[in-house]
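First the proteins, then the strands, lettered A, B, ... as listed; each starts at 1. Please read all numbers here as calculations on a predicted model, not as lab measurements.
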Amino acid sequence: MNYWMVKQEPDAYAWDQFVRDKGTVWTGVRNFQARNNLRAMKKGDEVFYYHSVTGKSVVGTARVTREAYRDPSAEDGDWACVDLVPRQACRTPVTLEQIKAEPSLRGIALLRQSRLSVMPLSPAEADTLRRLGGLG
DNA sequence: GCCAACGTTGGC
DNA sequence: GCCAACGTTGGC
(Lines give C-alpha, C1' and ligand atoms only; values in the text may rest on other atoms or scores of the structure.)
Protein backbone atom coordinates (compact mmCIF):
# COMPACT_ATOMS: atom_id res chain seq x y z
CA MET A 1 0.00 0.00 0.00
CA ASN A 2 1.39 3.36 -1.06
CA TYR A 3 0.51 6.82 0.12
CA TRP A 4 0.13 9.93 -1.99
CA MET A 5 -1.00 13.52 -1.88
CA VAL A 6 -2.84 15.38 -4.60
CA LYS A 7 -3.31 19.12 -4.63
CA GLN A 8 -6.27 20.97 -5.95
CA GLU A 9 -7.53 24.51 -5.64
CA PRO A 10 -10.97 24.33 -4.06
CA ASP A 11 -12.13 26.99 -6.51
CA ALA A 12 -11.39 24.50 -9.27
CA TYR A 13 -12.60 21.27 -7.62
CA ALA A 14 -13.29 21.26 -3.92
CA TRP A 15 -13.32 18.27 -1.59
CA ASP A 16 -17.05 18.77 -0.94
CA GLN A 17 -17.79 18.48 -4.64
CA PHE A 18 -15.61 15.38 -4.82
CA VAL A 19 -17.69 13.87 -1.99
CA ARG A 20 -20.97 14.84 -3.68
CA ASP A 21 -19.71 13.28 -6.91
CA LYS A 22 -18.71 10.13 -4.97
CA GLY A 23 -15.50 10.08 -6.99
CA THR A 24 -13.80 11.60 -9.98
CA VAL A 25 -11.29 11.05 -12.75
CA TRP A 26 -8.12 12.87 -11.80
CA THR A 27 -7.39 14.52 -15.15
CA GLY A 28 -5.46 17.59 -16.18
CA VAL A 29 -2.04 16.81 -14.76
CA ARG A 30 0.51 18.28 -17.17
CA ASN A 31 3.76 17.84 -15.36
CA PHE A 32 6.04 14.88 -16.02
CA GLN A 33 6.94 14.16 -12.44
CA ALA A 34 3.32 14.37 -11.32
CA ARG A 35 2.30 12.13 -14.20
CA ASN A 36 4.90 9.55 -13.25
CA ASN A 37 3.54 9.59 -9.73
CA LEU A 38 0.03 9.00 -11.08
CA ARG A 39 1.38 6.02 -12.99
CA ALA A 40 2.95 4.58 -9.87
CA MET A 41 -0.38 4.54 -8.02
CA LYS A 42 -1.89 1.14 -7.32
CA LYS A 43 -5.51 0.26 -6.81
CA GLY A 44 -6.34 0.67 -3.14
CA ASP A 45 -3.61 3.23 -2.41
CA GLU A 46 -4.50 6.02 -0.02
CA VAL A 47 -4.43 9.57 -1.37
CA PHE A 48 -4.51 12.68 0.81
CA TYR A 49 -6.44 15.59 -0.66
CA TYR A 50 -4.87 19.02 -0.18
CA HIS A 51 -6.61 22.33 -0.85
CA SER A 52 -4.05 24.75 -2.26
CA VAL A 53 -4.26 28.56 -2.43
CA THR A 54 -7.61 28.79 -0.62
CA GLY A 55 -7.71 26.77 2.55
CA LYS A 56 -4.15 25.45 2.37
CA SER A 57 -4.92 22.29 4.28
CA VAL A 58 -5.34 18.56 3.95
CA VAL A 59 -9.07 18.00 4.04
CA GLY A 60 -9.55 14.28 3.54
CA THR A 61 -8.43 11.04 2.00
CA ALA A 62 -9.33 9.18 -1.14
CA ARG A 63 -8.71 5.74 -2.54
CA VAL A 64 -7.41 4.77 -5.96
CA THR A 65 -10.07 2.69 -7.70
CA ARG A 66 -8.54 2.55 -11.17
CA GLU A 67 -4.87 2.68 -12.01
CA ALA A 68 -3.39 5.07 -14.56
CA TYR A 69 -4.79 5.23 -18.07
CA ARG A 70 -4.72 7.78 -20.85
CA ASP A 71 -6.05 11.18 -19.79
CA PRO A 72 -9.05 11.75 -22.08
CA SER A 73 -8.76 15.52 -21.52
CA ALA A 74 -5.30 15.63 -23.11
CA GLU A 75 -5.42 16.89 -26.70
CA ASP A 76 -1.88 15.77 -27.33
CA GLY A 77 1.01 14.38 -25.38
CA ASP A 78 1.37 11.31 -23.24
CA TRP A 79 -0.65 12.12 -20.11
CA ALA A 80 -2.34 9.96 -17.54
CA CYS A 81 -5.21 10.01 -15.09
CA VAL A 82 -6.51 7.76 -12.33
CA ASP A 83 -9.92 7.25 -10.74
CA LEU A 84 -10.33 8.36 -7.14
CA VAL A 85 -13.19 7.96 -4.70
CA PRO A 86 -13.54 9.78 -1.37
CA ARG A 87 -12.63 7.75 1.65
CA GLN A 88 -12.71 9.88 4.77
CA ALA A 89 -13.03 13.58 5.56
CA CYS A 90 -10.66 15.03 8.14
CA ARG A 91 -12.31 15.70 11.46
CA THR A 92 -10.07 18.77 11.53
CA PRO A 93 -8.27 19.85 8.37
CA VAL A 94 -4.49 19.79 8.68
CA THR A 95 -3.27 23.25 7.83
CA LEU A 96 -0.07 24.06 6.01
CA GLU A 97 0.99 25.90 9.14
CA GLN A 98 0.61 22.71 11.19
CA ILE A 99 2.48 20.71 8.58
CA LYS A 100 5.36 23.19 8.67
CA ALA A 101 5.42 23.08 12.45
CA GLU A 102 5.49 19.29 12.67
CA PRO A 103 9.06 17.96 12.93
CA SER A 104 8.16 14.56 11.50
CA LEU A 105 6.83 16.25 8.36
CA ARG A 106 9.97 18.24 7.68
CA GLY A 107 10.78 16.14 4.63
CA ILE A 108 7.30 16.09 3.12
CA ALA A 109 7.22 16.72 -0.63
CA LEU A 110 4.52 19.35 -0.13
CA LEU A 111 7.12 21.57 1.52
CA ARG A 112 10.12 20.53 -0.53
CA GLN A 113 8.49 20.77 -3.96
CA SER A 114 5.78 23.32 -3.54
CA ARG A 115 4.63 23.19 -7.15
CA LEU A 116 4.29 19.44 -7.54
CA SER A 117 0.61 18.50 -7.70
CA VAL A 118 0.87 14.72 -7.26
CA MET A 119 3.46 13.49 -4.80
CA PRO A 120 4.38 10.44 -2.77
CA LEU A 121 4.18 10.28 1.02
CA SER A 122 6.09 7.96 3.29
CA PRO A 123 4.04 5.68 5.56
CA ALA A 124 5.26 7.74 8.51
CA GLU A 125 4.13 10.98 6.88
CA ALA A 126 0.74 9.46 6.10
CA ASP A 127 0.49 8.30 9.68
CA THR A 128 1.21 11.77 11.03
CA LEU A 129 -1.33 13.35 8.70
CA ARG A 130 -3.96 10.84 9.78
CA ARG A 131 -3.26 11.65 13.41
CA LEU A 132 -3.34 15.44 12.90
CA GLY A 133 -6.49 15.21 10.81
CA GLY A 134 -8.33 13.08 13.33
CA LEU A 135 -8.67 10.20 10.89
CA GLY A 136 -9.29 6.83 12.45
C1' DG B 1 -1.37 42.02 -5.83
C1' DC B 2 3.24 40.60 -5.42
C1' DC B 3 6.89 37.69 -5.95
C1' DA B 4 9.81 33.44 -5.52
C1' DA B 5 10.33 28.99 -7.36
C1' DC B 6 10.50 26.37 -11.10
C1' DG B 7 9.11 24.09 -15.49
C1' DT B 8 9.00 24.99 -20.48
C1' DT B 9 10.24 27.14 -24.76
C1' DG B 10 13.07 28.82 -28.23
C1' DG B 11 17.17 31.27 -30.01
C1' DC B 12 21.82 30.60 -30.52
C1' DG C 1 23.50 21.88 -24.87
C1' DC C 2 23.11 26.36 -22.70
C1' DC C 3 20.54 29.93 -21.02
C1' DA C 4 17.38 33.90 -21.18
C1' DA C 5 12.60 34.79 -21.50
C1' DC C 6 8.30 33.56 -20.29
C1' DG C 7 4.28 31.34 -18.06
C1' DT C 8 2.32 29.07 -14.08
C1' DT C 9 1.86 27.77 -9.34
C1' DG C 10 1.09 28.83 -4.87
C1' DG C 11 2.36 31.11 -0.47
C1' DC C 12 2.21 35.47 1.66
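On the nucleic acid side, DNA chain B has its first and last nucleotide under 4.0 Å of a heavy atom of chain A at B:dA5 to B:dT8, going 5' to 3'.
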Indicate every side-chain donor-acceptor pair of residues 7-15 of chain A with a distance under 3.5 Å to a residue at least two apart or in another chain.
residue : atom : partner  : partner atom : Å
A:Lys7  : NZ   : A:Ser114 : O            : 2.3
A:Lys7  : NZ   : A:Leu116 : O            : 3.2
A:Tyr13 : OH   : A:Asp21  : OD2          : 2.6

Report, one line per pair, each donor and acceptor closer than 3.5 Å where one atom sits in a side chain of residues 101-109 of chain A; sequence neighbours left out.
residue  : atom : partner  : partner atom : Å
A:Glu102 : OE2  : A:Ser104 : OG           : 2.9
A:Ser104 : OG   : A:Thr128 : OG1          : 3.3

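Taking the screw axis at each terminus of the helix from B:dG1-C:dC12 to B:dC12-C:dG1 from five consecutive base pairs, the angle between the two is 10° to within rounding of 10 degrees.
When the salt bridge (charged side-chain N to carboxylate O under 4.0 Å, His left out) test is applied to A:Arg63, no partner is found at least two apart in sequence or on another chain. A:Asp71 meets the salt bridge (charged side-chain N to carboxylate O under 4.0 Å, His left out) test with A:Arg30; sequence neighbours excluded. Checked against side-chain contact (heavy atoms from CB on, under 4.5 Å), A:Arg91 has no partners two or more places apart in sequence or in another chain. Residues satisfying the salt bridge (charged side-chain N to carboxylate O under 4.0 Å, His left out) test with A:Glu125, not counting sequence neighbours, are none. In terms of the side-chain contact (heavy atoms from CB on, under 4.5 Å) criterion, residue partners of A:Lys100 (sequence neighbours excluded) are, by chain and number, A:Leu96, A:Leu111. Residues passing the salt bridge (charged side-chain N to carboxylate O under 4.0 Å, His left out) test with A:Arg39 are A:Asp78, sequence neighbours excluded.
Applying the ring-ring contact (aromatic ring centres under 6.0 Å, His included) definition to pairs two or more places apart or across chains, those involving residues 55-80 of chain A are A:Phe32-A:Trp79.
Note: A:Asn31 CG to A:Ser117 OG = 6.0 Å, rounded to the nearest 0.5 Å.
A heavy atom closer than 4.0 Å to some atom of DNA chain B occurs in A:Arg115, these being the qualifying members of residues 109-118 of chain A.
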